[in-house]
Each structure stands twice: as structure tokens, then as C-alpha cells.
Protein chains: 2
Amino acid sequence: MATIKDVAALAGVSLGTASRVLSGSSQTSPDSRARVTAAAEQLKYIANGPARSLRRSRTEVLGLLVSDIRNPFFSELAHAAEREAQRRGYTVLLANADEDAAQEAAYLRTFASQRIDGLLIAPQGSDLTRLQAVRDSGLPLVFVDRSVDGIDVPTISTDNADGVRRALTWLHGRGHREVAFVGGPPGISTGSERRAAFLQIRDELGLSADPRLLAHGDFRAESGVEAMRAVLASGARPTAVLSADGLMTLGVAHALREEPARSLGAIEIVSFDDLDWFSLVSPPISAVRNDATAIGRLGVGALVDIIEGRPAASRRVETSFVDRSGEAAGSAGSAGSAASSDAAASDDPAASDDPAGAGA
Amino acid sequence: MATIKDVAALAGVSLGTASRVLSGSSQTSPDSRARVTAAAEQLKYIANGPARSLRRSRTEVLGLLVSDIRNPFFSELAHAAEREAQRRGYTVLLANADEDAAQEAAYLRTFASQRIDGLLIAPQGSDLTRLQAVRDSGLPLVFVDRSVDGIDVPTISTDNADGVRRALTWLHGRGHREVAFVGGPPGISTGSERRAAFLQIRDELGLSADPRLLAHGDFRAESGVEAMRAVLASGARPTAVLSADGLMTLGVAHALREEPARSLGAIEIVSFDDLDWFSLVSPPISAVRNDATAIGRLGVGALVDIIEGRPAASRRVETSFVDRSGEAAGSAGSAGSAASSDAAASDDPAASDDPAGAGA
DNA sequence: GGCAGTCATGGAAACGTTTCCACGGAGGAC
DNA sequence: GTCCTCCGTGGAAACGTTTCCATGACTGCC
């Protein structure tokens with residue numbers, strides 16, 4: 001592998017000059033510029049990243065620690081984050097905590113060793129001390145999707161209360177009064193916020209306060225199955241269910257489907273997180289759209305701001321509601337054109353500075 | 001940030017000794033060991049990765065360049081690869097080519113600069129020269145999921161012909177004779193292999209050879225919509241369709257749903273790639289199970305073998321077929337227990353040495 | 001008891017960059 | 001014509017490790 005020394009020698013300049021040309025930092029003469037560039041080209045020179053990082057004590061790498069890469073919400077978030085990072089000259093090192101605090105700790109250590117420039121994390125929440133340590137170490141830090149009580153870090157998250165309100169209002173409008181809730185883990189902010197919002201708005205709207213309607217899982221599909229089964233076994237008689245996460249919605253749907261007494265249509269499902277197959281099941285599942293792309297993009301933006309010395313603030317990303325009550329899976333009709341737009345995962349490379357809906 | 005120099009000073013040993021203790025390479029006395037370990041602990045010493053990489057010219061980082069992280073097949077593959085890499089002491093740098101050769105090239109450059117120890121890639125196929133250059137640079141390289149003609153690199157891929165055979169045999173057994181095929185891009189090996197297998201097995205089984213039954217997309221959902229629409233518009237009258245990829249199956253289902261004349265049930269869908277919601281639609285979608293976990297795991301295994309000087313061979317991973325014809329979504333019955341296992345994404349941390357089905 | 005061999009250690013070189021410092025030359029102002 | 005300034009350059013130090021080499025002490029054997 002060619003080094004900058006080889007390039008300098010071939011170009012007939014000193015090593016320092018070669019470096020100045022290649023990193024473009026300082027003034028260089030047009031002549032040296034041309035010679036060095038040509039030499040680098042000829043030798044297929046690619047700068048040694050570790051050496052550069054060592055000297056500059058910057059790596060131009062961002063860490064992204066998500067909770068579960070197989071959760072479509074996070075894979076979309078990761079995709080957006082990576083794209084935005086690349087646009088800003090950074091590379092993303094992606095790691096997957098698998099909803100496990102120990103794994104999270106292991107990756108935190110790896111990241112520290114790699115000397116990444118900043119960390120985007122969807123924290124597990126359970127390990128406050130370790131996160132404190134990370135923050136105190138001075139590593140630029142931004143939370144995405146989730147926050148953690150007792151630690152003040154810029155956070156890009158969904159407006160959970162707003163999303164729950166949209167869902168419950170819609171259900172209420174459709175006549176539902178017995179609405180079950182399958183929430184997330186209480187130790188994670190998205191879990192507790194959505195649950196708190198559910199309780200409050202449920203009461204505002206005068207929905208049933210039967211405690212047997214409440215259950216929670218861990219944001220994985222299997223836990224959705226179990227939570228829904230528990231509700232059904234409790235003796236409660238929900239006519240609808242709000243699931244607090246896309247993967248859990250998958251589980252909820254499975255659980256309802258296996259229940260002999262109630263067909264998949266008998267209990268209406270609404271999901272926090274919109275998945276691309278919701279319009280294909282019968283009846284279609286309406287959902288709160290949770291904008292993972294905006295969160296990923298804004299998260300990287302905030303992180304880079306911090307790294308480069310600009311201030312960064314927490315933001316809440318707005319939700320929207322996708323009402324699929326008018327569609328009917330497997331049948332004809334006007335639903336057609338509406339449905340088609342579902343499949344197109346739009347991905348505009350341009351829009352980036354100020355994304356869809358983002359409030360204070 | 002504490003350096004090894006600080007640790008050595010605090011422990012009262014030389015820098016060399018401290019390094020020997022911390023990297024555990026050479027013999028050290030129990031006394032130094034204890035003192036250095038204690039000092040490192042006290043100073044919260046974390047080795048500087050770039051410095052270590054510079055000196056050892058190894059980074060212990062693997063690159064994983066997938067085609068589309070939002071495709072569940074690849075997020076599962078990435079998850080498995082990351083897990084296996086961690087087990088073997090490596091970190092994975094994940095990048096997303098977005099099914100785009102230019103993006104792929106950009107990441108290849110980034111990886112080269114980072115001096116990763118090895119690269120796992122699902123190649124776009126179009127850019128033979130660049131891949132040749134990578135291979136010739138001596139970087140350990142393994143292809144996953146896809147191979148590229150004209151370049152000899154160990155490849156871990158699905159037994160595509162086997163999978164297509166399972167699907168077509170099953171369809172044939174159910175009486176279908178007019179089977180449409182929505183394939184992938186001809187320039188990508190999974191696209192061409194599955195198509196070639198379709199044509200051959202179609203003829204073996206005596207299925208209709210109507211060319212209007214053939215279409216192809218680019219492994220993204222929207223292209224599945226378009227391909228299916230094209231088949232329907234051609235005048236062909238398929239009774240079933242085989243989709244060559246999970247995301248395209250999503251598109252195919254959307255396209256069938258929007259077609260007024262044929263309800264979602266009228267044309268039976270079979271998918272190459274099994275997604276977790278297939279049993280929820282009506283009728284459920286049967287599928288060839290494409291074992292992304294095994295591919296990710298074996299890919300990392302092969303790559304690490306190469307890196308560490310052991311030989312590595314290409315492998316084909318077996319498929320299996322998930323027959324959901326007995327299940328009926330949204331209704332009661334014996335389908336219940338079968339369905340429940342669908343939602344549980346099993347993930348055994350132990351099994352790793354020789355995974356599920358892998359032949360020569 | 002002396003000598004060879006082993007073993008832990010300290011010191012220093014090396015990895016490939018970036019950046020500081022000093023220097024020389026060109027150009028402008030007087 | 002001289003002095004000052006500015007600009008481009010070469011040389012060298014520094015980043016934090018690992019590893020080579022030499023040295024000194026200790027063990028064990030004859």
C-alpha cells in the first residue's frame with residue numbers, strides 16, 4: 001500500500017507539502033498541487049485512516065447504537081442516519097444492542113476504543129451510570145427515539161402523546177369504548193410516555209378504565225403475542241387494541257388470529273408505527289406514522305452540530321395518522337389508488353435541511 | 001483521556017511492560033500484572049484504537065456492505081453477521097449501498113481508508129473492475145447472497161435453484177399451470193439464477209411458457225408493484241405468481257389488491273423470502289425460507305478464516321418451504337398453534353459452528 | 001560455586017499522518 | 001536600493017501504541 005511518503009517522493013516534493021496538498025488545509029502552489037495529485041492518482045494512494053485519526057484525534061466516524069436492527073423502525077432510522085452522515089462527511093458505525101443492556105455496554109466500550117467522534121443512541125434506559133460516564137467523558141451524545149430520566153442529553157424523539165391522541169381519538173370516533181393497550185417496557189421512555197398518554201387520553205375521552213385492558217411487552221413480536229393473549233385471557237372484552245410498537249403489532253395480530261372466538265376483524269387494531277403490509281391484512285390496520293427517517297436525519301444533524309461546536313436542541317417529531325378504515329383488503333373498489341402509494345417507500349435524497357414535521 | 005503512559009507511570013513500570021500486560025501478548029510477572037491492571041482500572045484506561053491499528057496494521061473491524069438495509073433479508077443477515085463477528089472478536093462496520101453502484105463505490109473507498117481487516121459484500125454486480133481492484137489489493141473478501149461472474153471470491157449464497165424448485169413443485173401440486181414470475185434484476189446473480197431456475201423447472205413441470213408471464217423488478221417494493229401490473233396488463237391470465245424477493249412480494253400483493261377484477265385470493269402468491277406477516281394476509285402467503293441468518297453467520301466465519309490464514313470455501317445454504325395453504329387468516333381453527341410460532345423470531349445465541357442447512 | 005539458559009523488564013524504534021517552526025525568496029512600498 | 005511582509009516549502013516533532021533488542025537477575029544443573 002502506497003504511503004504519503006511514496007507520493008511525495010514521486011512528486012518530488014517534501015512529505016509535508018504532499019500532506020498539505022492532499023488534505024487541502026494550507027496554501028500550496030499550483031505546481032505542487034498538480035504534481036502531488038498526479039502522483040497520488042498514479043500510486044492509487046488512499047490515506048491511512050488510523051494514522052490520520054491518531055494524529056488529528058478525530059475519526060470522522062459516528063456510532064449508531066440501535067435497540068433492534070430488525071425492527072423496521074430502526075432499520076429505517078439507521079438508513080436515514082447513514083445517508084445524512086455521509087452527506088456531512090461522516091461514516092456510521094452501526095451496532096445493535098438487541099434490547100439488551102449488557103450488549104449495549106459492550107458496544108459502548110468498543111465505540112470508546114474506536115474513538116468515534118460522536119454517538120447516536122437509542123438507550124436501553126436501565127444503565128444510567130454507564131450513560132452518565134459516557135456523557136462525562138465528553139463524547140458528543142444524542143439520544144434518538146428514547147430519552148432517559150436523570151440525564152440531560154439532546155434527544156430527537158417522536159411526539160408520543162400526540163400520536164396516542166390521534167389513535168385514541170380516531171378509535172373513539174369509530175365508536176370504540178373498550179380499548180386495550182399493549183405497551184412497551186415501562187423502563188424505556190417510549191414505553192412509559194405512550195402508556196401515560198394512553199391513560200390520560202383514555203380518561204379524557206371517557207373510554208373504559210378496566211385495568212385488565214392494559215398489558216405490556218418489550219417491543220418484540222413475541223411479546224406482543226403474549227401481551228394480547230394475557231388481555232384476552234383476563235376476561236376483558238376489548239373491541240379495539242392500540243399497540244405501542246410495530247413489531248408488537250405483528251404479535252398482536254398473530255394473537256388475535258389464533259383466538260377461535262374472535263376473528264381478526266372482530267377486534268380493531270391500531271398501531272403506533274406504520275408498517276408497509278398493514279393495508280394488506282383484512283381488515284387493514286390503521287396506524288400512527290412514526291417518522292423514523294426524520295428522527296435519524298435530525299439526530300445526525302444534532303450530533304454533528306455538537307461535534308462541530310454549534311448548539312443543538314432536543315426536538316419532537318410530529319406524527320400523523322394513516323386511516324385505512326375505508327380500504328378493504330382483497331376486494332375491489334376505490335381503495336386501489338390509495339393502496340398503491342403504500343408500497344412506494346419514498347426516499348427523497350434532496351430534502352434534508354428541515355424535514356417533515358419537527359416542532360420544539 | 002488516559003494513555004498507556006499514564007498507566008505505566010501510576011503502576012511504576014515501563015511503558016513496554018504496561019503494554020505487554022494490557023495486550024496479554026508476552027510473559028509478565030504476577031506483580032506487574034496486578035499493578036498495571038489496577039492502575040488501568042483506576043484511570044479508566046481504554047486503549048486508543050487508531051494508535052493500536054496504526055502500529056499493528058490490523059483494525060479488527062470487518063466491513064459489511066449490504067444492498068438495502070431496509071430489506072428484511074439484509075437486516076436479518078446484518079444482525080447475524082454482527083453477532084458472529086462479535087463472538088470472534090471483530091466489530092462490524094455496516095454500510096448500505098441502496099442498490100446503487102455509485103454508493104457502493106463510495107463505501108468501498110471509505111472502507112479502504114479505514115483499513116478494515118476484511119469485507120463482506122452483497123455486490124451490485126455491475127462494477128466488475130472495482131471489485132477486481134479490491135480483490136487485487138489483497139483485502140480479504142467474501143460475497144454474501146450474491147456472486148459476480150468473472151471474479152473468483154468465496155461466496156455464501158442461497159441454493160436458489162433448490163428454492164425455486166420447491167416453490168414451483170408446490171404450485172404445480174396445487175394445480176397451477178399458469179404461473180407468473182416476478183424476478184430480480186438480470187445483472188445480479190440472485191436475479192438471474194432464480195430466473196434461470198424458474199424457466200428450467202417450469203418446463204420440466206410442463207407449466208405454461210407464455211412469455212407474458214415473466215417480469216422483473218429491482219428487489220424493491222415499488223418494482224414489485226410495477227412488474228405485477230405489467231403482467232396483468234399483458235393479457236396473460238396467471239393463477240399464481242412466484243415473486244423472487246420478499247420486498248417485491250409486498251409490491252406484488254399491493255398490485256393484486258388494487259386490481260378490481262381479481263381479489264387478493266384469486267391469484268396465489270408464493271414468495272422467495274419468508275416475511276413474518278405472510279400468515280396474516282388472506283389467504284396466507286406460502287414462501288421459500290431464505291436463511292439470512294445462516295448466510296450472515298457463515299459469511300463472517302469464512303471471512304475470519306481468510307483473515308486468519310485458514311482456507312475458506314463457497315457454500316450454498318439450503319432453503320426450506322413454508323406451506324401455509326392449510327391456514328386461513330382471520331378465521332378460527334387449527335391454524336392457531338401453527339401461526340403462533342411464526343411471530344417468534346427465534347434467535348439461538350449458542351448454535352454457531354455449523355448452522356442449519358449448508359451443503360457444498 | 002560457576003556457568004548457561006530463561007525470563008521479565010526498560011528503552012527505543014516504528015507505524016503514517018498532520019502540523020508547528022523556521023527559512024528563503026519574491027514582491028511591494030518607501 | 002533596502003526593508004518589510006507574505007507565502008510556500010522542508011524538516012522535524014508529535015499522536016499512542018506494539019514490538020524488537022539488549023540487559024540484568026534468577027534458576028537450575030553440573
Side-chain angles (χ1 to χ4, degrees), chain A residues 1-37 39-40 43-61 89 109-117 137-138, chain B residues 1-37 39-40 43-61 89 109-117 137-138:
Chain A
M1 200 89 202
T3 74
I4 200 172
K5 216 167 155 179
D6 304 323
V7 174
L10 180 60
V13 299
S14 81
L15 187 157
T17 301
S19 169
R20 278 181 285 259
V21 169
L22 293 172
S23 62
S25 57
S26 181
Q27 288 283 30
T28 49
S29 72
D31 181 52
S32 327
R33 252 193 318 268
R35 308 238 301 275
V36 170
T37 314
L43 295 175
K44 295 195 206 312
Y45 170 74
I46 296 182
N48 183 312
R52 163 177 286 174
S53 299
L54 170 61
R55 172 61 223 218
R56 306 185 44 191
S57 56
R58 297 180 35 205
T59 52
E60 244 112 49
V61 171
R109 206 184 160 74
T110 304
F111 280 148
S113 165
Q114 298 273 345
R115 299 292 197 272
I116 57 172
D117 287 349
S137 79
Chain B
M1 200 89 199
T3 75
I4 201 171
K5 216 166 157 182
D6 304 323
V7 173
L10 180 59
V13 299
S14 81
L15 189 157
T17 302
S19 169
R20 277 182 285 259
V21 168
L22 293 171
S23 62
S25 57
S26 179
Q27 287 285 30
T28 49
S29 72
D31 182 52
S32 330
R33 248 188 326 263
R35 308 238 301 274
V36 170
T37 313
L43 294 174
K44 296 195 205 310
Y45 170 74
I46 297 181
N48 183 310
R52 162 177 287 173
S53 299
L54 170 60
R55 172 60 222 219
R56 306 183 46 189
S57 57
R58 298 179 36 205
T59 52
E60 244 111 49
V61 171
R109 203 181 163 78
T110 304
F111 280 147
S113 164
Q114 298 274 347
R115 300 293 198 268
I116 57 172
D117 287 348
S137 78

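Quick note on labels: first sequence line is chain A, next is B, and so on, each numbered from 1.
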Would you please confirm or rule out a distance under 4.0 Å between OP1 or OP2 of C:dC15 and any side-chain N or O of B:Ser53?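 For B:Ser53, the contact criterion (side-chain N or O under 4.0 Å from OP1 or OP2 of C:dC15) is not met.
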
Below 4.0 Å: OP1/OP2 of C:dT18 and any side-chain N or O of A:Arg52: yes

Most 5' of B:Arg33 and B:Arg115 on DNA chain C, judged by nearest nucleotide: B:Arg33

Which pair of heavy atoms, one from [X] and one from [Y], lies closest together, and at what distance?
X: A:Pro50; Y: B:Ser113; answer: CD-O, 3.8 Å
X: A:Met1; Y: A:Ile46; answer: CE-CB, 4.0 Å
X: A:Ala11; Y: A:Arg35; answer: O-NH2, 2.8 Å

Distance in angstrom units between [X] [atom1] and [N] [atom2], rounded:
X: B:Glu60; N: D:dT18; atom1: CD; atom2: P; value: 11 Å
X: A:Arg58; N: C:dG16; atom1: CZ; atom2: P; value: 22 Å
X: B:Arg55; N: C:dT17; atom1: CZ; atom2: C1'; value: 16 Å
X: B:Lys5; N: D:dC15; atom1: NZ; atom2: P; value: 7 Å
X: A:Arg56; N: C:dT17; atom1: CZ; atom2: P; value: 13 Å
X: B:Gln27; N: D:dT19; atom1: CD; atom2: P; value: 15 Å
X: A:Leu43; N: C:dG16; atom1: CG; atom2: C1'; value: 15 Å
X: B:Asn48; N: D:dT18; atom1: CG; atom2: C1'; value: 13 Å

Interface residues of residues 9-17 of chain A with DNA chain D (non-hydrogen, below 4.0 angstrom): A:Val13, A:Ser14, A:Thr17

If we count only N and O atoms by modelled type, under 3.5 Å, do the side chains of B:Arg115 and B:Thr59 hold a donor and an acceptor together?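 No pair is found: no donor N or O on one side chain lies under 3.5 Å from an acceptor on the other.
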
Close side-chain approach of [X] to [Y], heavy-atom, < 4.5 Å:
X: A:Asn48; Y: A:Thr3; result: no
X: A:Thr28; Y: A:Ser26; result: no
X: B:Arg33; Y: B:Pro30; result: yes

Could you check B:Gln114 against A:Val61 for side-chain contact (heavy atoms from CB on, under 4.5 Å), going step by step and ending with a plain yes or no? CA-CA 10 Å; B:Gln114 298 274 347; A:Val61 171; 3.4 Å; yes

Taking protein heavy atoms under 4.0 Å as touching, what does nucleotides 21-26 of chain C look like 5' to 3' if B marks base contact, S marks sugar-phosphate-only contact and - marks none? ------

Candidate list A:Val13, A:Ile4, A:Val36, test side-chain contact (heavy atoms from CB on, under 4.5 Å), partner A:Ser19, passing option: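 Among A:Val13, A:Ile4, A:Val36, the one meeting side-chain contact (heavy atoms from CB on, under 4.5 Å) with A:Ser19 is A:Ile4.
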
Reckon B:Ser19 touches a base, only the sugar-phosphate, or nothing at all at heavy-atom distances under 4.0 Å? base

Regarding A:Ser32, tell me which of base, sugar-phosphate or nothing describes its non-hydrogen contacts under 4.0 Å with the strands shown.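 Sugar-phosphate contact only - A:Ser32 comes under 4.0 Å of backbone atoms but never of a base.
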
